[in-house]
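Following: one structure in structure tokens, then a few remarks.
For the single chain, residues carry numbers from 1 onward in sequence order. What you see below is based on every heavy atom in this structure, not just the backbone, and it leaves out hydrogens, waters and symmetry mates.
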Amino acid sequence: MAGVASLVGLALVWSIVWANLPSREKLLSEQPAIPAAPAVPELDLSIPGVPAKPPGAPAVPTTTGGFSVPREIRAKQIAEVKCDAEAQRVCPDSLMGAERLQCMAQHLKQLSQPCQHIVRERMAR
């Protein structure tokens, strides 16, 4: 009998709790509104002492890849390295200095246009 009374009492307590619970809509409506996130100010990425570019100006760096070498000098260095690679194909590796330059001059027509220009510059020196 005591077990039945405990079950009836427990059922009565839970039915009272369940009947007094607010609805989901009421719970959601009572929550405070979440304020909008404050606007994040735009980061100032300017470098002190360096004039800012006007808006719409093309972003053309004067140096390449973090090197402090101007673009023109870097492009010339790359062209010379490519020319040296072409020269290895045409002239034997055993030739050095003036002999190599003479070999490159003899095989000038087999080299690319930029390499021909570099060889002519080297011969003029």
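- Checked by atom type and distance alone, the side chain of Glu86 pairs as donor or acceptor with a backbone atom of Ser112 at under 3.5 Å.
- Here the SG-CD distance, from Cys91 to Gln106, works out to 8.0 Å after rounding to the nearest 0.5 Å.
- Between Gln113 and His117, the side chains place no donor N or O within less than 3.5 Å of an acceptor N or O (distance only, hydrogens not considered).
- Contact record, Cys83 with Ile118: CB-CD1, 4.1 Å, taken as the closest heavy-atom pair.
- Transitive grouping of hydrophobic side chains (ILVMFWY, heavy atoms separated by less than 4.5 Å) brings Val17 and Leu10 into a common cluster.
- Note that the SG atom of Cys115 and the CZ atom of Arg89 stand 8.5 Å from one another [nearest 0.5 Å].
- Atoms CG and CG, from Leu12 and Leu7 in turn, are 12.5 Å apart once rounded to the nearest 0.5 Å.
- In this structure a side-chain-to-backbone donor-acceptor pair under 3.5 Å is present from Gln116 to Leu108.
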